[in-house]
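Have a look at the structure below, then the notes.
Position 1 is the first residue of the sequence; numbering continues from there. These figures come from a predicted structure and were not determined experimentally.
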Amino acid sequence: ALAASASAATVRIDVGQNGFTFSPSSVTASKGDTLEYHFHQPAHSVASSDFGGPCTPSKSGGFYSGIMTTSGAAENANVFRVVVNSTDPIFFYCTVPGHCNGGMSGVVNPSGSQTLAAYQSSAQTASLVVPPNVFGGQVASGSSSSSSSGGSASSSASTTGS
């Protein structure tokens, strides 16, 4: 267990760098890894979701960054970090109206039966739900390239009971 925490990785995901996309849109992460979302112009967010409820926050656990508005710079000065607490699939989407329905979503640890393509197909006609406040992760300065193991130990990216 000690070796696992020492080898935790940070997985960078760019939000809106190339339009209504997460890049990469599909990643693999181990328990203890940190997802680090970097936001681009003009305004985007990230919220976790369950496979069966596209464009809707996770029923338990999960995370939401709040809408990150970026102007005058290629990338927002802040990032949103979430510690992965499970290797179960974690779907995520942008809560800006029209973005999730237009395909702006992604997945951590996709499975054979729960794919991003199937999620995005269902999302086209889903009702968008925006969480009321930021939770489940940490908004932090993106200028620090520190890879220390500090951070929000209480954040949870796991989803249960799909």
Side-chain angles (χ1 to χ4, degrees), residues 8-30 33-51 53-58 61-85 89-110 114-152 154-159:
T10 297
V11 179
R12 179 185 174 120
I13 300 172
D14 285 288
V15 183
Q17 185 174 26
N18 301 305
F20 296 155
T21 64
F22 287 93
S23 182
S25 60
S26 180
V27 299
T28 301
S30 299
D33 287 354
T34 299
L35 306 175
E36 187 172 85
Y37 293 92
H38 292 254
F39 299 89
H40 298 268
Q41 293 183 27
H44 297 287
S45 67
V46 63
S48 63
S49 183
D50 298 321
F51 178 76
C55 307
T56 302
S58 300
F63 55 87
Y64 175 53
S65 67
I67 293 181
M68 306 287 260
T69 302
T70 307
S71 61
E75 187 176 315
N76 194 296
N78 290 325
V79 298
F80 187 66
R81 294 185 182 122
V82 178
V83 176
V84 176
N85 291 327
I90 303 164
F91 288 84
F92 54 87
Y93 67 102
C94 181
T95 66
V96 173
H99 292 198
C100 181
N101 301 110
M104 191 168 182
S105 54
V107 63
V108 178
N109 300 327
Q114 296 186 3
T115 66
L116 181 56
Y119 180 93
Q120 288 174 331
S121 178
S122 296
Q124 291 175 6
T125 57
S127 296
L128 177 70
V129 178
V130 180
N133 47 4
V134 175
F135 69 95
Q138 177 184 43
V139 175
S141 170
S143 62
S144 169
S145 60
S146 169
S147 59
S148 71
S149 61
S152 181
S154 64
S155 63
S156 171
S158 64
T159 56

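When the salt bridge (Lys or Arg N to Asp or Glu O under 4.0 Å) test is applied to Asp33, no partner is found at least two apart in sequence or on another chain. Remark: Tyr93 pairs with no residue by the side-chain hydrogen bond (donor to acceptor under 3.5 Å, both in side chains) rule, at least two apart or across chains.
The two residues Ser65 and Val139 have their closest heavy-atom pair at O-CG2, 4.3 Å. Of all heavy-atom pairs between Ala126 and Pro54, the closest is CB-O, 3.4 Å. Of all heavy-atom pairs between Phe92 and Ser25, the closest is CZ-O, 4.2 Å. Of all heavy-atom pairs spanning Asn78 and Ser141, the tightest one is OD1-CA, 3.6 Å. Shown here for Val15 and Met104, the closest heavy-atom pair between the two residues is CG1-CE, 3.6 Å. Nearest heavy-atom pair across Tyr119 and Gly53 is OH-O, 4.5 Å.
In this structure, Asn76 contributes its side chain and His38 its backbone to no donor-acceptor pair below 3.5 Å. Looking at Gln138, its side chain never comes within 3.5 Å of a backbone N or O of Arg81 through a donor-acceptor pair. Ser45 places a side-chain N or O within donor-acceptor distance of the main-chain N or O of Thr95, the cut-off being under 3.5 Å.
Here the two cysteines Cys100 and Cys55 have their SG atoms closer than 2.5 angstrom.
The existence of a salt bridge linking Arg12 and Glu36 is excluded, since no basic side-chain nitrogen approaches an acidic carboxylate oxygen closer than 4.0 Å.
Between Val46 and Phe63 the shortest side-chain heavy-atom distance falls below 4.5 Å. By the 4.5 Å heavy-atom criterion applied to side chains, Thr56 and Ser127 are not counted as neighbours. Side chains of Val134 and Phe80 form a contact here, defined as non-hydrogen atoms less than 4.5 Å apart. Residues Pro132 and Tyr64 are not in side-chain contact: their nearest non-hydrogen atoms beyond the backbone lie 4.5 Å or more apart. Counting heavy atoms from C-beta on, the side chains of Phe91 and Gln114 come closer than 4.5 Å.
For the atom pair CE (Met68) and CD (Gln41), the distance works out to 14.0 Å, reported to the nearest 0.5 Å. Atoms CZ and CG, from Phe39 and Asp14 in turn, are 10.0 Å apart once rounded to the nearest 0.5 Å.
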**Request:** Show your working on side-chain contact (heavy atoms from CB on, under 4.5 Å) between Ser105 and Leu116 and close with a plain yes or no.
**Result:** CA-CA 8 Å; Ser105 54; Leu116 181 56; 3.8 Å; yes
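A distance below 6.0 Å separates the ring centres of Phe20 and His99.
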